Amino acid sequence: MSAKKGKGNIKIANYTDWMSQLPSELWTIPLFKLAIPGSHDSVSYDLDASSAIIEPDNLKRFSWIYCLRRIVRTWGMTQEYNITMQLEAGVRYFDLRIARKRNDHHPTRLYFYHGLYTSTDVETVLREIHAWTVAHPKEVIILAFSNFNGFEKNIKDKLHNHLIGFIKTLFGSKLVPPGIPTLRNCWDQGKNVIVSYDYPANYHPEMWKKITYYYANSMDRAQVKSKISEALGKEKTSNYFFVCGLNMTLPADHRILIYILRLCDSFPNVIRRGLPKLLKWLKQQSGVNIVASDLATRKDFVSTVVELNSALMKP
């Protein structure tokens, strides 16, 4: 991908409200074409070390070992700060992995997960998001619900209907219907929440289809770059959202031990060492849409992604 033109044209005073501070010529560009910062496994800051291990599969049977659950938490936590703090930092896309705890006495209570369940349930976090969107009506956010764990065949429709119903009731008229949204038309209609739902929900016209998430499934930064470059070539003429994942991924097999047995290390530390180099490379790319990262509140991530929008401005 070629280097950007027009770099330095975007001036943002405070990334809490960066969308409303974009130059007016970007207000009518489809959101599919804007560079939007996102967070990967957005609620992993809240992982509960007292819960059972639900992934990877080869560690599930050792859930009874407390120190192992602590290790899974250390290596599963991809975000440092809660949802409101991510929003305040400028993050606008959220990767929400949903799970139901086995044998939960509450039939429709759901949690987020990444290796472990979260302490906080889904409805509580969504209410937190709703409160923020009310206070910041010109900031358009994207909520991507996927990877539904524990949705057994006999109850999955009930769980999906309950969750979708809650989303629709909570966000109501703020939901942006599928189409070709721009900042301008979202503002004019008083809508600022896009919900992507990775499960057939055609009878709910407010729900957007799955957003493709490109990631390298590797801890190798070179492979992360290669996967994103491939995605940018494939999505060059796309007229829908797509995600470039800057995130590195731990092996799902025995190779994971190479990392989790580093008792003085952690996944956040690995990310801190590698993210600056990935951001330096990202600055030279063009044509990105959503860019999702671990530690999305770290210095320079949001500003680097937002600045990519300068390439869309006339010289």
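Position 1 is the first residue of the sequence, and the numbers go up from there. Nothing here was measured: the structure is a model prediction, and the numbers come from that model.
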Can you check whether Met85's main-chain N or O pairs, donor with acceptor, with Asn82's side chain at less than 3.5 Å?
yes
According to side chain to side chain donor-acceptor pair (under 3.5 Å), who are the partners of Thr84, at least two apart in sequence or on a separate chain?
Glu128
Enter the distance from Thr182:OG1 to Ile29:CD1 here, rounded to the nearest 0.5 Å.
9.5 Å
What verdict does the salt bridge (charged side-chain N to carboxylate O under 4.0 Å, His left out) test give for Asp104 and Arg100, after you've listed the backbone C-alpha separation in whole Å, the side-chain angles of each residue and the deciding distance to 0.1 Å?
CA-CA 8 Å; Asp104 191 331; Arg100 179 179 183 271; 5.8 Å; no
Between OH on residue Tyr66 and CZ on residue Arg69, distance to nearest 0.5 Å:
7.0 Å
d(Asp294 CG, Leu275 CG) to nearest 0.5 Å is 8.5 Å
Do the side chains of Arg272 and Glu80 get close enough for a salt bridge, i.e. N-O under 4.0 angstrom?
yes
Would you call Glu123-Arg127 a salt bridge at under 4.0 Å N-O?
yes
For residues Cys244 and Leu232, report the shortest heavy-atom separation together with the two atoms involved.
SG-CD2, 4.0 Å
Checking side-chain polar atoms at under 3.5 Å, does Tyr199 have a donor or acceptor matched by the opposite partner on Asp157?
yes
Out of curiosity, Thr304 OG1 to Leu279 CG, how far, rounded to the nearest 0.5 Å?
5.0 Å
What I want to find out is whether Arg298 reaches Asp300 closely enough, with some N-O distance under 4.0 Å, to be called a salt bridge.
no
Using side chain to side chain contact (heavy atoms under 4.5 Å, CB included), reason through Leu143 and Ile129 one step at a time and then give a plain yes or no.
CA-CA 10 Å; Leu143 306 178; Ile129 292 172; 4.0 Å; yes
Check for a donor-acceptor pair, side chain of Trp27 on one end and backbone N or O of Leu183 on the other, with a separation under 3.5 Å.
no
Pair Glu139-Trp132, side-chain donor/acceptor within less than 3.5 Å
no
More than 12 heavy atoms from other groups under 6.0 Å of NZ on Lys299:
no
When you compare the side chains of His114 and Gln79, does any donor N or O come within less than 3.5 Å of an acceptor on the partner?
no
Between Ser50 and Asp48, is any side-chain donor less than 3.5 angstrom from a side-chain acceptor?
yes
Has the side chain of Asp46 got a donor or acceptor atom that lies under 3.5 Å from a matching backbone atom of Ser119?
yes
Which atom of Leu22 lies closest to which atom of Val306, heavy atoms considered:
CD2-CG1, 4.3 Å
Kindly compute the distance separating CG (Leu68) from OG (Ser63), expressed to the nearest 0.5 Å.
7.5 Å
Given 3.5 Å as the limit, does a donor-acceptor pair link the side chain of Asn289 with the main chain of Leu34, or not?
yes
Please give me the minimum heavy-atom distance between Asp95 and Ser146, naming the atom from each residue.
OD1-OG, 4.2 Å
Evaluation steps, ring pair (Phe, Tyr, Trp, His ring centres under 6.0 Å), between Phe148 and His160:
CA-CA 9 Å; Phe148 300 97; His160 284 299; 4.6 Å; yes
Is it the case that Lys101 places NZ or CZ above or below the six-membered ring of Tyr117, under 6.0 angstrom from the centre and within 45 degrees of the axis?
yes
With no hydrogens and no angle check, is any side-chain donor or acceptor of Ser42 less than 3.5 Å from a backbone partner on Phe94?
no
Determine the minimum heavy-atom distance between Val43 and Thr118, stating which atoms define it.
O-CG2, 3.5 Å
Look only at the side chain of Thr78 and the backbone of His40, and say whether a donor-acceptor pair between them is shorter than 3.5 Å.
yes
For the side chain of Trp208 and the backbone of Gly179, is there at least one donor-acceptor N/O pair under 3.5 Å apart?
no
Can you name the side chain to side chain donor-acceptor pair (under 3.5 Å) partners of Glu206, sequence neighbours left out?
none
For the residue pair Lys210 and Tyr197, would you count it as a cation-pi contact if the rule is NZ or CZ under 6.0 angstrom from the ring centre and within 45 degrees of the ring axis?
no
Taking atom types as modelled and ignoring hydrogens, do the side chains of Gln86 and Ser39 form a donor-acceptor contact shorter than 3.5 angstrom?
yes
Under the 3.5 angstrom rule, does the side chain of Arg92 hit a backbone N or O of Leu87 as a donor-acceptor pair?
yes
Under the 3.5 angstrom rule, does the side chain of Trp18 hit a backbone N or O of Gly90 as a donor-acceptor pair?
yes
Fit a plane to each ring of Phe32 and Phe241, take the angle between them on a 0 to 90° scale, and name the class: parallel (under 30°), tilted (30 to 60°) or perpendicular (over 60°).
perpendicular
Between Thr74 and Ser266, is there a side-chain donor-acceptor contact under 3.5 Å, judged purely by atom types and distance?
no
What pair of heavy atoms forms the shortest contact from Leu26 to Met313, and how long is it?
CD2-CG, 3.9 Å
Which atom names give the shortest non-hydrogen contact between Trp281 and Ser229, and what distance separates them?
CZ2-OG, 3.4 Å
Would you give the length of the straight line joining atom OG1 of Thr124 to atom CZ of Arg109, rounded to the nearest 0.5 angstrom?
9.5 Å
Check whether Leu47 and Ile54 end up in the same hydrophobic cluster, where Ile, Leu, Val, Met, Phe, Trp and Tyr are linked by side-chain heavy atoms less than 4.5 Å apart.
no
Side chains of Ser20 and Asp17: do they bring a donor and an acceptor to under 3.5 Å?
no
Any chance the side chains of Asp198 and Tyr213 put a donor and an acceptor closer than 3.5 Å?
no
Does Asp121 use its side chain to pair, donor to acceptor, with the backbone of Tyr111 at less than 3.5 Å?
no
Just by distance, with hydrogens left out, do Tyr240 and Glu235 show a side-chain donor and acceptor under 3.5 Å apart?
no
